[in-house]
Amino acid sequence: MFKSLSRNKPPTGHHTFNNYYTNWITTMKTTHLPNLRHHMSASTPTLLSAHVEILHHHFKSYYHALDLAASADVSQILFPSSHRNPLELPFLWLGDLHPYLFTNLIRSYLIQHDGSSVIDPENDEYDKGNGDHEVGSESGRESEEGMEEIEVGESCEFLKKQWPLMNAWKVQSGKLTARIDQIERGLRLMVPALMDRVRKAQAGFVAKVGSGEVTAAVAAAEMEEEMVGIVMDANRLRKDVISEIVSVSSVYQGALFLEGLAQFLVGIRDEKMLLEFKKCKRLMK
């Protein structure tokens, strides 16, 4: 959009970033997401933390690449028809996901588990409801208990491994909710400020061209420079919100948050879903 009016530059690299984004999504879908899910249920917190950081770094590397692409040609980020499908477009704000999507995602987990009780499988109170046994029936159950001993032992071991994950949102949820409140208060200030900068950049372009103060090419170049800065600030905001959520969360909360975010990005590009979406559009016409 801006390139046709502004100064001559090297090729914009639409296809280069398009390929990068496709490869980035594929790597997340086939490597990082399966690895994270495996270690969520089969690893120690220390090992899981390493895979949380790997996926977190994957997101940070994406925003670094997005900054570089915006610097080369900000129009390909603001109008991403080449690397975004119709299902993704409604969720975009200044070239990528709106930061409120990140806080809404983690709030959905907190709300879903709000007020539910936590039962400790290692607590003796856990089986109080089944504590009454008839003395005469003990001998009759010995063979059955012997047959189920291995299965019960394996089930208990599985439960112990899954318990921290199952109760991730019931641990320190008040502290996390308070921090999300703070993040959203910051967003209520920063998001409108960025949009105000966009409006001023557009108004400045119109005023300069309309008054004949400068040529259209010069005005476009100035607006482009301002838009690059705005997009990069928006990317920094997105990256900071993700990092803040991960840092204030437990390792299991962080794993579930990044898994949900990754699955959203992967799922919204699902070919079957896109076909169904296109069918719905045809039916509406």
Side-chain angles (χ1 to χ4, degrees), residues 1-18 20-21 24 59-105 107 180-245 261 264-265 268-269:
M1 174 183 178
F2 307 128
K3 293 297 177 179
S4 60
L5 295 175
S6 63
R7 57 195 179 278
N8 292 329
K9 288 187 178 181
T12 57
H14 285 74
H15 297 297
T16 301
F17 187 76
N18 186 20
Y20 168 83
Y21 187 69
W24 184 83
F59 278 100
K60 288 190 286 188
S61 67
Y62 164 70
Y63 284 115
H64 175 68
L66 197 63
D67 283 347
L68 295 177
S71 298
D73 179 9
V74 70
S75 66
Q76 69 171 320
I77 304 304
L78 292 173
F79 309 99
S81 58
S82 62
H83 63 276
R84 298 288 193 176
N85 65 49
L87 286 177
E88 293 175 283
L89 294 177
F91 296 97
L92 302 184
W93 171 76
L94 293 177
D96 197 66
L97 298 177
H98 199 294
Y100 271 120
L101 187 146
F102 309 141
T103 57
N104 287 339
L105 173 61
R107 278 196 184 279
I180 298 304
D181 290 341
Q182 292 177 349
I183 292 172
E184 289 183 337
R185 283 196 292 271
L187 290 177
R188 285 195 288 272
L189 295 174
M190 290 180 279
V191 168
L194 286 171
M195 294 309 299
D196 187 54
R197 286 172 59 188
V198 172
R199 285 190 291 270
K200 287 180 178 178
Q202 293 171 340
F205 172 79
V206 173
K208 289 176 183 178
V209 174
S211 66
E213 177 183 344
V214 296
T215 64
V218 172
E222 292 175 352
M223 181 173 67
E224 180 186 352
E225 184 176 355
E226 177 62 18
M227 292 305 300
V228 169
I230 292 170
V231 169
M232 292 179 72
D233 285 345
N235 289 340
R236 188 179 301 110
L237 180 59
R238 285 183 269 258
K239 186 169 57 176
D240 287 349
V241 170
I242 293 174
S243 296
E244 186 65 26
I245 290 174
L261 181 56
F264 172 79
L265 289 170
I268 208 168
R269 294 174 68 86

Could you go step by step and tell me if Leu265 and Phe59 meet the side-chain contact (heavy atoms from CB on, under 4.5 Å) rule?
-> CA-CA 11 Å; Leu265 289 170; Phe59 278 100; 3.6 Å; yes
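- Separation of atoms CG (Leu66) and OH (Tyr21) is listed at 9.5 Å; rounding is to 0.5 Å.
- Under the rule for a side chain to side chain contact (heavy atoms under 4.5 Å, CB included), the partners of Leu68 that lie at least two apart in sequence or sit in another chain are His64.
- A salt bridge (charged side-chain N to carboxylate O under 4.0 Å, His left out) check over residues 212-221, counting only residues at least two apart or in different chains, returns nothing.
- Shown here for Leu261 and Leu105, the closest heavy-atom pair between the two residues is N-CD2, 3.5 Å.
- Counted within 6.0 Å of NZ on Lys200, heavy atoms from surrounding residues, nucleotides or ligands total 12 or fewer; the atom is thus considered open.
- Listed by first then second residue, pairs satisfying salt bridge (charged side-chain N to carboxylate O under 4.0 Å, His left out) with a partner in residues 184-195 read Arg107-Glu184, not counting sequence neighbours.
- Not counting sequence neighbours, Val206 has no partner by the side chain to side chain contact (heavy atoms under 4.5 Å, CB included) test.
- Here the shortest heavy-atom pairing between Pro80 and Leu92 reads CG-CD1, 3.7 Å.
- Separation of atoms CZ (Phe205) and CE (Met223) is listed at 5.0 Å; rounding is to 0.5 Å.
- Nearest heavy-atom pair, Val191 versus Pro99, reported as atom, atom and distance to 0.1 Å: CG2-CG, 4.3 Å.
- The two residues Ser61 and Tyr20 make their nearest non-hydrogen contact at O-OH, 3.4 Å.
- Under the side-chain hydrogen bond (donor to acceptor under 3.5 Å, both in side chains) criterion, the residue pairs touching residues 229-238 are Asp67-Asn235, Arg197-Asp233, Asp233-Arg236, Asn235-Arg238, with sequence neighbours excluded.
- Every pair passing side-chain hydrogen bond (donor to acceptor under 3.5 Å, both in side chains) that includes a residue from residues 89-102 is listed here, sequence neighbours excluded: Tyr62-Asp96, Tyr63-Asp96, Arg84-Asp96.
- Contact between Leu194 and Ala234 at its shortest, heavy atoms only, is CD1-CA, 4.0 Å.
- In this structure, the separation between OG on Ser75 and CE on Met227 is 10.5 Å, given to the nearest 0.5 Å.
- Here CE of Met232 is found 13.5 Å from CG of Leu94. Values are rounded to the nearest 0.5 Å.
- Asn18 approaches Ser82 most closely through the heavy-atom pair OD1-O, 3.2 Å.
- How far NZ of Lys208 is from CD of Glu222: 3.5 Å, rounded to the nearest 0.5 Å.
- The main-chain N or O of Ile268 is never found under 3.5 Å from a side-chain atom of Glu88 such that the two would form a donor-acceptor pair.
- Here the straight-line distance linking atom CD of Gln182 with atom OG1 of Thr103 works out to 13.5 Å at 0.5 Å rounding.
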